[in-house]
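Presented below is the structure to which this report refers.
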Number of protein chains: 2
Amino acid sequence: MLERTPMNASAKPHRAADHSRQGRSGQPLHEGQNRFVSIWGEMGSSWGIPRTMAEVHALLYIVGQPLNTDQIMERLSISRGSASMSLKSLHDWGLISRVHKRGDRKEYYRAEQDVWQVFRIITRERKRREIDPVLMALHDCRDLTGPRRPQDAGDEQVESHNERLDRMIEFIELIDSLADQFVSPAGKGLQLAVGLLGKAV
Amino acid sequence: MLERTPMNASAKPHRAADHSRQGRSGQPLHEGQNRFVSIWGEMGSSWGIPRTMAEVHALLYIVGQPLNTDQIMERLSISRGSASMSLKSLHDWGLISRVHKRGDRKEYYRAEQDVWQVFRIITRERKRREIDPVLMALHDCRDLTGPRRPQDAGDEQVESHNERLDRMIEFIELIDSLADQFVSPAGKGLQLAVGLLGKAV
DNA sequence: ACCCTGTTTCAAATATTTTTGAAACAACTA
DNA sequence: TAGTTGTTTCAAAAATATTTGAAACAGGGT
């Protein structure tokens, strides 16, 4: 969450060298890309996404062009294994796609460029992996203190417990269905809401 | 993020004993509370909140009554230091408040009971600590490749880089202002949006 | 089949985060 | 002031998460 001192900064084999080279006027661009990568990595890690995975995604997004594993390793100074794992996760999420170049055996990867789509994907995954299971667990939990069981009728403690649980479940279900709207193929949900909200408040 | 095997499960001094006692009909309630605490702790840790802090919050929310440090330690089998730190964080966030009981030197803590308010507070804090700094950093980053600098005019690379950056910044600013609406004292923002959305889609 | 190039896997190494517990502190009381 | 009770702090210990790197694998060529 804080600094970014590489685990192993020495220039060993298997690791890409760092680049103190490059002296054209492409410098501010390059520096801008690096900055973006750092910001995104930092942000990712504070939202529970491994920093390196976020950095790989940031690099592919900001470069705009497909890159291969070696280019990513070199640019980010990360190991082959780490690059491979990050790319796999990003691909599983649907945030990047594989690209083949004719006459090149290497795989290239391109990031989704539509920002709305990027956040739709992230929302979809987090909902699926984090919100939905919680909701299921909360319903199980609610079942423990029963659907207004006779013997509890009048048990003030149980009743207020159930009320608290119900309020929480209801709220999370609301968020959940909002996320559904945003994620849905129609997908204009949030944009619409924003428009309406802008006028209404 | 996964299991929940206590760091130190042995019954040493300074640690609250675990309770295999309790045999009244208050059992399902007690079990329901425990379940809720686990779910919330799990959820918190997948959202970047220390598990224990989330568990303390969950306990105070679901119990509904103010509890003191020793009761929390015992119920959650955590150390005094951990309890104190979690309570401090929760208090800093504004999710719990201190309560004094006459004739008792101990501090008691009560959780905010309004679910909407709870999520408004969480939104406010995350926005302040995570979104706003990112936005500032992104603007700095954007400045590196300048405000349509003359020498870059026609540099296709720089121009498309700036476009990508601008799209991202614009999106995050949108989210940021949505969060503002939700957090705002008027505070009916999201409820309103939900209503409108429900009808409009 | 063997060699070459590129990719994936996964146990071990490393880094990061969280928790503990004992000491320092604070606020009363006698 | 010394004693008592409750709270906070923080360095060290423990737990968790991430990264590495070498070996296994995959798919062409030849």
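- Remark: Ser79(A) is not in phosphate contact with dT19(D), judged by side-chain N or O atoms under 4.0 Å from OP1 or OP2.
- Ion pairing between Arg128(B) and Glu125(B) holds under the 4.0 Å rule for side-chain N and carboxylate O.
- Distance Leu76(B) CG to dT18(C) C1': 15 Å, rounded to the nearest Å.
- Here dA17(D) presents its P atom at 15 Å from CD1 of Ile49(A), a figure rounded to the nearest Å.
- Listed candidates were dT7(D), dT9(C), dT19(C). Nearest to the side chain of Thr69(B) is dT7(D).
- Rounded to an integer number of Å, the gap from Asn68(B) CG to dT7(D) C1' is 12 Å.
- Note on ring orientation: taking the six-membered ring where Trp is involved, the planes of Tyr61(B) and Phe36(B) are tilted (angle from 30° to 60°).
- Taken over five-pair windows at either terminus, the axes of the helix from dA1(C)-dT30(D) to dA30(C)-dT1(D) are inclined to one another by 0° (rounded to 10 degrees).
- For His100(A) and dG6(C), the NE2 to P distance is 14 Å, given to the nearest whole Å.
- Side-chain atoms of Lys106(B) lie closest to dG6(D) of the nucleotides dT19(C), dG27(D), dG6(D).
- The listed nucleotides are dT7(D), dT9(C), dT19(C); the one nearest the side chain of Arg80(B) is dT7(D).
- Going from atom CD1 of Ile78(A) over to atom P of dA17(D) covers 21 Å, rounded to whole Å.
- Taking atom NE2 of His91(B) as the reference point, atom P of dT9(D) lies 13 Å away to the nearest angstrom.
- In this structure, Gln157(B) places its CD atom where only 12 or fewer heavy-atom neighbours from other residues, nucleotides or ligands lie under 6.0 Å away.
- The side chain of Glu107(B) lies closest to dT7(D) when the candidates are dT9(C), dT7(D), dT20(C).
- Arg110(A) CZ: 12 or fewer foreign heavy atoms inside a 6.0 Å radius.
- Rounded to an integer number of Å, the gap from Tyr108(A) OH to dG6(C) C1' is 12 Å.
- Of the candidate nucleotides dT9(D), dC10(C), dT8(C), dT9(D) has the atom nearest to the side chain of Ser84(B).
- Straight-line distance from the CE atom of Met85(B) to the P atom of dA24(C): 17 Å, rounded to whole Å.
- Applying the 4.0 Å criterion to OP1 and OP2 of dT18(C), one finds that Thr52(B) has every side-chain N and O outside that range.
- Taking the six-membered ring where the residue is Trp, Trp40(B) and His57(B) present tilted rings, their angle falling between 30° and 60°.
- A donor-acceptor contact closer than 3.5 angstrom is absent between the side chains of Arg98(A) and Tyr108(A).
- Closest to the side chain of Arg105(B), out of dT9(C), dG6(D), dT7(C), is dG6(D).
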Is there a side chain to side chain contact (heavy atoms under 4.5 Å, CB included) between Thr69(B) and Lys106(B) once you walk through the steps? CA-CA 8 Å; Thr69(B) 306; Lys106(B) 288 187 169 67; over 6 Å; no

